[in-house]
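Lettering follows sequence order; numbering is per chain, from 1.
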Amino acid sequence: MSKEKIQTVCFWLLDINYEMLGDTPEIRLWGISDKNERIVVLDRSFRPYFYAILDKNSKVEEVKERILKNELVRRHIIAIEFLQKKFFGQPVKVLKITCREPPAIPKIRDEVKLIKGIEDVLEADIRFYMRYMIDNEIFPCSWHEVNARELSNDKGWQVDKVFLALSPPKLKIDKKKLPSLSVYAFDIECYNVHGEPLAERDPIIIISRVYNGSDKVILTARDKNDKELLNNFVKDIKRLDPDIIVGYNSNRFDWPYLIERSKRVRVKLEVSRSNSTPAQSVYGHFSIVGRANVDLYDFAEEIYEVKVKTLENVADYLGVFSKDERTKIEKSRIYQYWDEKEKREILLKYSLEDAESTYGIAEKILPFAIQLASIVGLPLDQIGSASVGYRVEWYLMRQAFKYGELIPNRIEKAYETYKGAIVLEPKPGIHENIAVLDFSSMYPNIMIKMNISPDTYVPPGTEVERSEVNVAPEVGHRFRKEPPGLYKKVLERLLDARSQIRREMKNLKPNSLQYKLLNERQRALKIIANATYGYCGWTGARWYKREVAEATTAWGRKLIRETIALARKLGLEVIYGDTDSLFIHYEKNKIEQFIQLVEKELGFDIKIDKIYKRVFFTEAKKRYCGLMEDGRIDVVGLEAVRGDWSELAKEVQEKVIEIVLKNAEPNNAVKYVRKVINELKNQKIPLEKLIIWKTLSKKIEEYEVDIAHVRVAKMLMKLGYKVSKGEKIGYIICKGGGEKLSEKVKPYILVKNYNEVDTNYYINKQIIPAAMRVLKYFGITEQQLIKGEKQTSILEFFGGS
DNA sequence: AGGGGCTTCAGTTCG
DNA sequence: TGCGAACTGAAGCCCCTC
């Protein structure tokens with residue numbers, strides 16, 4: 001029974017997929033209506049297509065005939081349409097070939113590609129639902145309006161209403177408020193008596209979940225039987241019907257594990273809104289139809305301040321769940337807590353805290369993820385797992401469609417290096433009252449101003465009037481001034497949208513919901529704009545052109561050089577600079593004059609980013625620290641902010657920096673370092689602070705040299721732990737072993753006794769270098785740090801001890 | 001054999 | 001599965017001296 005009434009439905013798009021309905025593809029738009037109903041809008045009007053570029057001399061009708069002569073192709077084709085398009089800015093003749101069903105596209109493309117008169121096929125590798133969204137300008141996490149007829153929900157989908165679209169939905173650009181979204185955060189614990197849990201062998205014992213913040217439940221297995229647990233999990237999700245499901249590392253661990261367990265114990269993991277099970281999809285994520293399955297780990301990876309990205313560390317950093325308040329259980333002993341009745345309560349608490357942390361992280365991250373998805377145009381469940389390059393690319397593809405530009409194929413090109421930015425030699429030591437000035441969005445603005453783009457590039461040999469092109473310094477690449485290129489149009493759009501939002505924000509209260517929403521949006525816009533330069537120099541990019549990246553950095557170098565020259569002209573001393581920033585002695589009037597001069601002479605905006613009361617440079621580039629007016633300290637590049645130094649060394653350096661910058665009393669720093677060395681000798685420093693973390697950045701077999709963390713990884717593997725590429729390995733340097741450092745390492749989890757620790761290593765290779773990095777500029781010697789407080793008599797100095 | 005000096009490998013950060 | 005510039009420690013190698 002179908003209800004005939006035609007209505008206008010307004011909905012926020014949460015998820016999209018398609019299914020074949022006989023030989024008709026049906027697009028399904030899952031969303032939330034403005035009446036807060038969960039709905040699905042079906043569109044059966046769209047068909048897949050791709051383009052075939054015609055050779056210069058080929059005749060349209062002849063090529064068409066040749067295409068239709070192919071039996072297989074003819075059976076699948078609905079229409080062939082001749083069109084004029086642009087490819088890299090040049091007019092091209094193409095055939096738009098529309099087919100019946102998406103799965104047939106790869107076959108048809110391969111056949112058509114071989115036909116005489118056809119140079120290449122384009123846009124045949126765009127997934128069907130993405131094609132649909134691009135062509136109809138439909139955006140995830142955005143509001144749309146559609147004329148539709150309500151259908152009966154005869155497939156039993158978990159929605160309030162089912163609609164059939166009478167025409168594609170239209171984006172409602174002015175409606176920005178978010179619908180009320182329900183969020184389900186979960187975490188699983190597995191029985192791990194054999195070490196690393198294996199889904200083929202070890203049951204899931206606990207699933208904890210937090211729904212919309214306050215609703216918390218711990219589901220448990222019956223001893224080691226998880227069939228009922230899995231059934232309860234499915235029931236729980238179905239009952240609550242969340243819009244968004246979040247986990248931490250859930251795409252790599254929880255979902256594959258849940259899927260395998262369900263298969264083993266014969267439970268249907270029907271957690272979607274269409275009664276289907278989670279399926280692995282693009283970028284390795286698991287898709288749950290009708291909902292958004294978001295793995296927060298993907299976003300945590302982008303928080304570079306957190307070096308070891310465990311759930312606890314990320315929750316702690318985001319202020320969601322303090323590390324000190326967490327229930328602590330050694331991962332490898334989880335099974336013991338399960339088996340021993342009196343300990344089980346602790347494990348349940350621990351597990352729920354994981355779910356609570358996950359929920360808390362979701363609250364911090366989802367607002368940004370939602371804005372990113374709505375700008376880039378990738379569905380919410382994919383945006384996190386898509387790399388920076390792909391995010392930029394999807395945005396570009398959307399824009400290219402709007403401008404009638406064909407989307408280039410993805411072709412892996414040979415890697416070529418090119419020159420990057422300039423970094424100035426710093427003047428070592430302490431400087432007082434320093435302003436840091438920087439160009440805002442320097443590369444995007446250069447690309448806009450010079451119209452740098454693959455489609456405006458003029459290759460050598462092409463004759464063009466000098467007045468019609470911008471010529472890059474040093475490298476000589478030429479770019480047409482007109483018409484505006486793809487990068488220019490895209491970047492202008494991003495930067496304009498961002499300024500507009502920032503203007504709107506000025507009229508809002510900073511703690512209002514709307515303000516926060518807009519703030520996340522402007523952040524997302526900035527990130528995409530700033531990533532565009534990196535994208536254009538990436539050999540995997542569809543719009544890769546080395547000359548584009550090379551010209552951009554060349555103009556960047558010229559700009560910063562000319563800016564330095566202007567500063568000197570005004571008598572300002574430049575202390576340091578990196579890429580788009582300059583450190584200059586702060587003289588209010590002169591700096592204001594300078595900012596105006598740069599704007600007038602060079603046509604770029606430069607602004608004061610911060611003012612340091614005091615700043616300290618070593619002779620190394622990219623390494624300094626500074627004290628701001630409000631007492632905060634910035635540490636840049638030094639050991640204290642690096643993830644591959646022990647916490648002990650980092651703390652020492654941090655403190656030394658503080659003493660030196662705030663009190664300018666290096667002798668106090670010396671006393672402090674001596675104190676720490678003594679504490680270490682007396683085994684007073686917690687072992688955790690001695691752990692050194694390094695990323696296993698390749699497969700173990702691929703390493704050419706014997707190196708500490710690889711050796712540790714091998715030890716862990718012998719103990720039954722799974723160690724994979726990309727993982728952080730934590731180890732402690734111990735006594736004994738051989739001469740080489742790599743022969744003295746132990747996985748930190750195995751170090752129980754302080755007597756094992758090679759304290760000399762931590763003194764000589766961690767504490768002292770970290771402290772000396774700063775202190776040597778104040779005439780302090782290593783000896784002063786090592787020797788006890790009372791001595792340094794000449795006698796002892798020569799006599800040795 | 002052992003140490004100095006240099007290069008290479010590897011990891012990490014800056015902008 | 002965004003870029004190049006830059007730094008640093010440890011391993012590995014060559015060469016010299018003994």
From C:dG4, B:dG11, C:dT8, nucleotide with atom closest to A:Ala620 side chain | C:dT8

Check: A:Asp634/A:Tyr612 side-chain N/O donor and acceptor closer than 3.5 Å | yes

Would you classify A:Tyr761 as touching base, sugar-phosphate or nothing, given that sugar-phosphate means primed atoms plus P, OP1 and OP2, and contacts are heavy atoms under 4.0 Å?
-> sugar-phosphate

Within the pair A:Tyr624 and C:dA6, is there a side-chain N or O less than 4.0 Å away from OP1 or OP2?
-> no

B:dT13 C1' sits how many Å from A:Arg623 CZ, rounded?
-> 7 Å

According to a strict under-4.0 Å criterion, is A:Arg642 in side-chain N/O contact with OP1 or OP2 of C:dC7?
-> no

Report yes if at least one side-chain N or O of A:Thr695 is closer than 4.0 Å to OP1 or OP2 of B:dT12; otherwise report no.
-> yes

Hey, is the side chain of A:Tyr703 poking within less than 4.0 Å of OP1 or OP2 on B:dG11, counting only N and O atoms?
-> yes

Look at A:Lys744 and C:dA10 and indicate whether a side-chain polar atom (N or O) is within less than 4.0 Å of OP1 or OP2.
-> no

Within 45° cone of A:Tyr761 ring axis and under 6.0 Å: A:Lys744 NZ or CZ = no

May I ask you to verify if any side-chain N or O of A:Ser742 is less than 4.0 angstrom from the OP1 or OP2 atom of C:dA11?
-> yes

Could you give the NZ-to-C1' distance, from A:Lys413 to C:dC3, as a whole number of Å?
-> 15 Å

Determine the contact category for A:Arg410: base if any of its heavy atoms lies under 4.0 Å from a base atom, sugar-phosphate if only primed atoms, P, OP1 or OP2 are that close, otherwise nothing.
-> nothing

Answer with base, sugar-phosphate or nothing: what part of the nucleic acid does A:Tyr576 contact at a heavy-atom distance below 4.0 Å?
-> nothing

Rounded to the nearest angstrom, tell me the gap between atom NZ in A:Lys309 and atom P in B:dT12.
-> 10 Å

Report yes or no: do A:Arg493 and A:Gln399 form a side-chain donor-acceptor pair below 3.5 Å?
-> yes

Among the candidates B:dG15, C:dA10, B:dG11, find the nucleotide nearest to the side-chain atoms of A:Lys765.
-> C:dA10

A:Lys307 side chain N/O closer than 4.0 Å to the phosphate oxygens (OP1, OP2) of B:dT13?
-> yes

Is it the case that A:Lys427 places NZ or CZ above or below the six-membered ring of A:Phe617, under 6.0 angstrom from the centre and within 45 degrees of the axis?
-> no

Does A:Lys621 place a side-chain N or O at less than 4.0 Å from the phosphate oxygens OP1/OP2 of C:dA5?
-> no

Separation of C:dG2 atom P from A:Tyr487 atom OH, nearest Å, is 14 Å

Neighbour count above 12 (heavy atom, 6.0 Å) for A:Lys307 NZ = yes

Indicate, with a heavy-atom threshold strictly under 4.0 Å, whether A:Gly637 touches base, sugar-phosphate, or nothing.
-> sugar-phosphate

Of the candidate nucleotides B:dA10, B:dG15, C:dA11, which contains the atom at the shortest distance from the side chain of A:Ser697?
-> B:dA10

With a 4.0 Å cut-off on heavy atoms, is A:Ala549 in touch with a base, just the backbone sugar-phosphate, or nothing at all?
-> nothing

Starting from P on B:dG15, measure out to NZ on A:Lys526 and report it in whole angstrom.
-> 13 Å

What is the nucleic acid contact for A:Val392, judged by heavy atoms within less than 4.0 Å: base, sugar-phosphate only, or nothing?
-> nothing

Of the nucleotides C:dG12, C:dC3, C:dT8, which has the atom closest to the A:Arg773 side chain?
-> C:dT8

Check whether any side-chain nitrogen or oxygen of A:Lys740 sits under 4.0 Å from OP1 or OP2 of C:dG12, and answer yes or no.
-> yes

Candidate nucleotides C:dG4, B:dT12, B:dA10, ranked by approach to the side chain of A:Ile707 - the nearest | B:dA10

CA sep, side-chain torsions, deciding dist, call: A:Arg546, A:Tyr544, side chain to side chain donor-acceptor pair (under 3.5 Å) = CA-CA 6 Å; A:Arg546 194 203 76 237; A:Tyr544 166 75; 5.8 Å; no

A:Tyr304 has an atom OH; how far is it from atom C1' of B:dG11, in whole Å?
-> 18 Å

Side-chain atoms of A:Asp706 come closest, of C:dG12, C:dG2, C:dA5, to C:dG12

Please state how far atom CZ in A:Arg546 lies from atom C1' in C:dG4, giving the value in whole angstrom units.
-> 14 Å

Would you tell me if any nitrogen or oxygen in the side chain of A:Arg557 comes within less than 4.0 Å of OP1 or OP2 on C:dA5?
-> no

Which whole-number value in Å describes the distance from A:Arg711 CZ to C:dG12 C1'?
-> 14 Å

Side-chain heavy atoms of A:Arg131 within contact of A:Glu123, under 4.5 Å = yes

Where do A:Glu619 and A:Tyr777 land on the side chain to side chain donor-acceptor pair (under 3.5 Å) test, with the steps shown first?
-> CA-CA 10 Å; A:Glu619 66 252 292; A:Tyr777 294 90; 2.4 Å; yes

Look at A:Ser387 and C:dG2 and indicate whether a side-chain polar atom (N or O) is within less than 4.0 Å of OP1 or OP2.
-> yes

By nearest-heavy-atom nucleotide on DNA chain C, the more 5' of A:Thr579 and A:Glu425 is A:Thr579

Remember a base hit wins even if backbone is also touched, and classify A:Gly420 as base, sugar-phosphate or nothing at under 4.0 Å, heavy atoms.
-> sugar-phosphate

Which one, B:dG15, B:dC9, C:dA6, comes nearest to the side chain of A:Val705?
-> B:dC9

Hey, does A:Lys622 reach any base, or is it just sugar-phosphate, or nothing, if we go heavy atoms under 4.0 Å?
-> base

Return the nearest nucleotide to the side chain of A:Glu704; candidates are B:dC14, C:dT8, B:dC9.
-> B:dC9

Answer with base, sugar-phosphate or nothing: what part of the nucleic acid does A:Tyr418 contact at a heavy-atom distance below 4.0 Å?
-> sugar-phosphate

